Every structure is written in structure tokens, then in C-alpha cells.
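See below for the structure under consideration.
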Amino acid sequence: MSTASDEKTRQAPAGERVADWADGRLGIYGAAKGMVRKVFPDHWSFMLGEIALWSFVVIILTGVYLTLFFHPSMNEVVYDGSYVPMQGVRMTEAYASTLDISFDVRGGLLIRQIHHWAALIFVAAMFVHMMRVFFTGAFRKPREINWVFGFLLFVLALFTGLTGYSLPDDLLSGTGVRFAQGAILSTPIVGTYISMFLFGGEFPGHDIVARFYSIHILLLPGIMLGLVVAHLILVFYHKHTQFAGPGKTNNNVVGAPFLPIYMAKAGGFFFLVFGVIAIISAIATINPVWAIGPYRPDLVSTGAQPDWYLGFSEGLIRVMPGWEINLWGHTLVLGVFIPLMIFPLVLVALAVYPFIESWVTGDKREHHILDRPRNVPTRTGFGVAWLTLYFILLIGGGNDIWATHFHLSINTITWFIRIAFFVGPVVAFVITKRICLGLQRRDAEKVLHGRESGVIKRLPHGEFVEVHQPLDQGALHTLTAHEQYKPAELGPTVDENGVERKTSPVEKVRVKLSKGYYGEGNQIPKPTAEEYKEITSGHGHH
């Protein structure tokens, strides 16, 4: 029989004592208690962000391995490695070490390919994740800053990819660097100075690989890692968004707790992403530098194309007319400089949109319920227009490949892209908006009349009608939960004393934009409760 003195002398397990010691000094338990019970909603589209996160982790892990064997030097050597076709060829140490990683380091080629495929998947996942956030309105208050963090991550990923595939110093990557250097030189006044700083002299210089290496493995990943951490902290702080449904409001989250359910699912998903990337890398060759050869300034790789995420930037330059202006003995190459200026505008247009929409609506409330894209046709139209422009320019960046593979004239393709650059986004906006309005009408019909059952019924007076199945309450809630903004008004032009009220031009612009967003013909009114009761009471409902 135990006594009270025995209870006092009995020691807690070692793990518990360590946890108590740490909690007494760091306050871990109090902070972690709320975190582990944080609720996360469940929807397949939320995994897009996780694919980007786990791909980034794979990039970091494989990148650390590759740094152990890569030599970021442009000193020339004569290759004497195990790849026989290249033996005796003069090349840089960077290219030679890339061949060594591919053919002499155990598992090197697989790790190289995992690293490259993970980078492509990372950018693609971020791109699709941002589109999901955009089309569902997840960027609204209080998540505007998190949207900016995500946008900066995407832009940094573009430049990290550029510096990464330039490191092997093969003919393809060297052609891409030469293209970037030409764009830099087109910048008035400072272009030559920037080029000299980057390359350490005349192109190609002796420093670009070493400088890209430092930027690629240290500067950009460090910034990106900080942004990822800040992004995740804000996701925890603001709580996760969720789609409309029964029991889901702006004040709650319906889902599973972070620990153990969500963490277990996320951990399993990491290994799934890693496994899929590894399988792709094992069976699909990417960037076979040994088949391309080392970079030489007097050669250009046939069919040279950048990775898909930077293809639109090359498309801007390829379809631009070769305009030049000569002023005071200096030549301004507008055919390169104008696309160089449009390049950031294409990206920034997406970054600033949340702030424009917030200003137009004047909505200062917090939003934790996501929109269905069809219920915000103007925003959805702008998003599809931006994507259309992006992919039109992507086609322009590969106009030579399209010409050779489809036996078309490259001039015809170039002129098509020039016209589509202006016409395509407008057409895409109009068509998308019409589709969204049509889907809204269909939803309204479903709410009032139910879902078509395919069963034909003959009425006593001989009329044939289709039997409609009423929607359940959950479906009715989902189809009618969205908000519909009313367009802003300028208000009275005179005050109560008869004095004319001055209206700022900015406010007039906001009102016009608001009417363009939410005025007549831009949204289908939701069915009211009175309409629903009248229809379902028996008149006209089958």
C-alpha cells in the first residue's frame, strides 16, 4: 500500500521533466497548446499550397547535396572524366563538375534531376495556388500582406530558377544568360554599368557563375525561406479560409485540428510529393548538359528556350518590332527596352489587384469565406484575361518551335501574337464574364426549381413536364451564401444648405469602376426567400 510520502518521492519520467524544464523557461506549452488545436478546413484545392511548400523543401535538401560537389568557377580545364564523348574538350570547371555529378558521383544524376524537376513543380504549384487564391477572393482583408508575400515568393522563384539553370555553364544556359545580358544592355545610361558589374568585364567575363552561385544558394533562398515562414505564420494567425457551407461562417472554421490529424496528413503528403518527383526524375531526363556541350560565345543552342515560367518574358522581346532611336550619338533599342519595362508590369498587375478591388468596393470587413469564381464575374474575367496574356506571350517566346513543329511561317506566328496581345485578353474577359453570368442563372434556376431529374411526367390535362428534385438545405445554402455588392453612388451634388458639394476626380473614378464591377448586367440577383416560398408552394413547381 503506497503512502503520501511515497507519492512525493516518486519522480516523473525523464521526458516529462525535460518538458517541464523547457516550459518553465521558454513558455512552450502555453504557445503550443493553442497551435496544436488550430483547426484547418479540408478541401482538395488547399493541397496546392502544400505541393509548393514540400517541393521547396525537396529543393533545399537536394540543393545542399549538390553544393558538396559543384565548383562554381569559370577557370578552363580539359575534361578527362568518365563521359568519353567530352574527353579532351576544354570547358569551365562549372561545366566539368556538372558532368562529374552526372556520371561519377553516386546518385548525382538522380539528385540533379530531382532538384530541377522540383524547381519546375515548385513554381507551377505556386502559380496554380496563387490563381486559386485570386479566383476565390482569399486575398481579401486581412490577408493582403500574405498575398504580397506569396507574390514576392513567386517572383523570387523566377529569378532563382534563372540563376540555377545558368550555373552548369552549358550552351543552353549560356544562351539564356546572353539573352539576359542583351536585355540589360538596352537599359539607357545604367545598362552597360550593370552588365560590367554582373560579368566582371566584357561578356562572358570570369565571375558570372560564381556570382550567380552565391545568389542562387544563399541570397535568394534565404529571403524565400523567411517569406515562407512569415507566410505560414500569417496563415496560422489569420486562420484558414473555407468555402461556404452549412455551419461555416466568418467567425468559425470547420475542419480537423492541426495535431494529430492535419499534421499526419501533411507529413504523408510530403512523402507523396517527394515520391512523385523522384519517379518523374528517374524516368524523364531533363537538362542533359552532356548532349548540349559547354558554352562558347560564338555558338547558340538550336531551339534554345527558357523554362516555362520565364518564357513570357522572351515572348515580349521576340514579338516586339525592332524599333531603334538615335539620340546625340547614342542608340536606344526600343525593341528590347520596351518589353523590359512591360515585363514587371505584367507581374505587378496581378500583385496590386487586391488593393484595387478593396478600394473599388470600399469593403473594410474581414473575409474568411471564399467566393465561387462564378459569383464574381468581373474579377474572374480579369484573372482569365491575365492568364490569356501570359500564355499568349509564352507562345510568342517559342515562336520558332511552333513554326518548325507545325510547319508554319514564323512571321505569321509573330504577327498573330502581336494582334492577340491586345485582342486576346479582351475577348477572354468578355467570354469569361458571360460564362459566369450564365452559371449564376443556372444556380438561380436550381434554387427555385430544383435539380433536373430526367423523369418526364404527364399532367392530367396532357402537358408533359420534367420532374425537378428539390435541393437539400446544404446545397441551397451553398448556392445562396455569397454576398452581392451594390455599386457605389456619388450621393447628392448639393448639401443641406444648397451649396454645391465638390466631388474629387478620384471618387468619380471609384464610382464608375464600382458600377462596372457591380452595376446592372454584371451580376444576377440571388433568389429571395419570398420567391423560393412562392415557387415551392405548388405554383409551377413539379
Side-chain angles (χ1 to χ4, degrees), residues 29-50 53 129-130 132-150 229-266 353-376 379-380 440 443-444 447 471-486 488 514 517-518 523 525-530 532:
Y29 177 76
K33 184 178 180 181
M35 183 181 298
V36 299
R37 302 307 297 172
K38 192 81 171 179
V39 175
F40 282 80
D42 191 17
H43 192 270
W44 68 266
S45 64
F46 299 156
M47 292 192 299
L48 297 170
E50 291 186 44
L53 174 63
H129 174 62
M130 287 183 66
R132 197 277 301 174
V133 171
F134 180 89
F135 286 117
T136 59
F139 53 73
R140 292 173 294 176
K141 183 182 178 180
R143 297 175 181 84
E144 301 97 330
I145 301 300
N146 224 7
W147 168 264
V148 174
F149 285 169
V229 172
H231 185 78
L232 295 177
I233 289 174
L234 287 179
V235 169
F236 266 88
Y237 177 72
H238 292 142
K239 76 183 181 182
H240 207 291
T241 54
Q242 58 188 347
F243 285 96
K248 299 177 181 179
T249 69
N250 262 321
N251 300 318
N252 69 356
V253 179
V254 179
F258 181 70
L259 280 176
I261 298 176
Y262 185 81
M263 195 62 187
K265 292 168 65 177
Y353 178 84
F355 303 96
I356 295 174
E357 183 176 295
S358 175
W359 174 67
V360 170
T361 60
D363 188 358
K364 306 301 180 183
R365 299 170 298 163
E366 291 192 0
H367 292 273
H368 303 291
I369 299 295
L370 298 172
D371 289 325
R372 299 174 76 204
R374 66 184 62 181
N375 293 327
V376 277
R379 179 204 299 157
T380 304
Q440 285 188 40
D443 288 346
V447 170
L471 302 181
D472 57 47
Q473 291 300 312
L476 288 174
H477 177 85
T478 301
L479 295 179
T480 58
H482 59 281
E483 295 184 74
Q484 291 190 311
Y485 291 98
K486 293 183 179 179
S514 179
Y517 266 67
Y518 308 110
Q523 55 185 354
K526 292 192 299 182
T528 63
E530 291 74 17
Y532 178 75

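Numbers here simply count residues along the sequence, with the first being 1. Not measured: the values here are computed from a predicted model.
Shown here for Pro246 and Gly474, the closest heavy-atom pair between the two residues is CG-CA, 3.4 Å. Across Thr480 and Leu476, no two heavy atoms sit closer than the pair OG1-O, 2.6 Å. In this structure, Ala481 and Ala244 approach most closely via the heavy-atom pair CB-CB, 3.9 Å. Scanning all heavy atoms of the two residues, the minimum distance from Pro41 to Val253 falls at CD-CG1, 3.5 Å.
Every residue meeting the side chain to side chain contact (heavy atoms under 4.5 Å, CB included) condition with Gln440, not counting sequence neighbours, appears here in chain and number order: Asn375, Pro377, Leu437, Gln484, Gln523, Ile524. The salt bridge (Lys or Arg N to Asp or Glu O under 4.0 Å) search around Glu50 returns none, not counting sequence neighbours. Listed by chain and residue number, Glu357, Asp371 satisfy the salt bridge (Lys or Arg N to Asp or Glu O under 4.0 Å) test with Arg379 (two or more places apart in sequence, or in another chain). With sequence neighbours excluded, the residues that form a side chain to side chain contact (heavy atoms under 4.5 Å, CB included) with Phe236 are Met35, Lys38, Phe40, Phe258.
Residue pairs meeting the salt bridge (Lys or Arg N to Asp or Glu O under 4.0 Å) criterion with at least one partner in residues 256-265, sequence neighbours excluded, are Asp42-Lys265. Each salt bridge (Lys or Arg N to Asp or Glu O under 4.0 Å) pair with one or both residues in residues 248-258, not counting sequence neighbours, would appear here, but there are none.
Although no hydrogens or angles enter the test, the distance criterion places a donor-acceptor pair under 3.5 Å between the side chain of Thr380 and the main chain of Pro373. His367 places no side-chain N or O within donor-acceptor distance of the main-chain N or O of Lys141, the cut-off being under 3.5 Å.
The shortest distance between side-chain heavy atoms of Thr478 and Phe243 does not fall below 4.5 Å.
With ring centers used as reference points, Tyr353 lies under 6.0 Å from Phe134.
Atom OG1 of Thr136 sits about 9.5 Å away from atom NE2 of His43, to the nearest 0.5 Å. Between the CZ atom in Phe355 and the CZ atom in Phe139 there is a gap of 10.0 Å [rounded to 0.5 Å]. Taking NE2 of His231 as the start and CG of Asn146 as the end, the distance is 4.5 Å to the nearest 0.5 Å. Taking CG from Asp443 and CZ from Arg372, the interatomic distance works out to 4.5 Å, rounded to the nearest 0.5 Å. Between the CH2 atom in Trp147 and the CE atom in Met130 there is a gap of 4.0 Å [rounded to 0.5 Å]. With rounding to the nearest 0.5 angstrom, the CZ atom of Phe149 is 9.5 Å from the CD1 atom of Ile233.
Using a 4.0 Å cut-off between charged side-chain N and carboxylate O, Glu366 and Lys239 make no salt bridge.
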Before giving the answer on side chain to side chain contact (heavy atoms under 4.5 Å, CB included), spell out for Val39 and Val254 the whole-Å C-alpha distance, their side-chain angles and the decisive distance to 0.1 Å. CA-CA 7 Å; Val39 175; Val254 179; over 6 Å; no

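His368 pairs with exactly one of His238, Arg143, Gln242, His240 by the side-chain hydrogen bond (donor to acceptor under 3.5 Å, both in side chains) rule, that one being Arg143.
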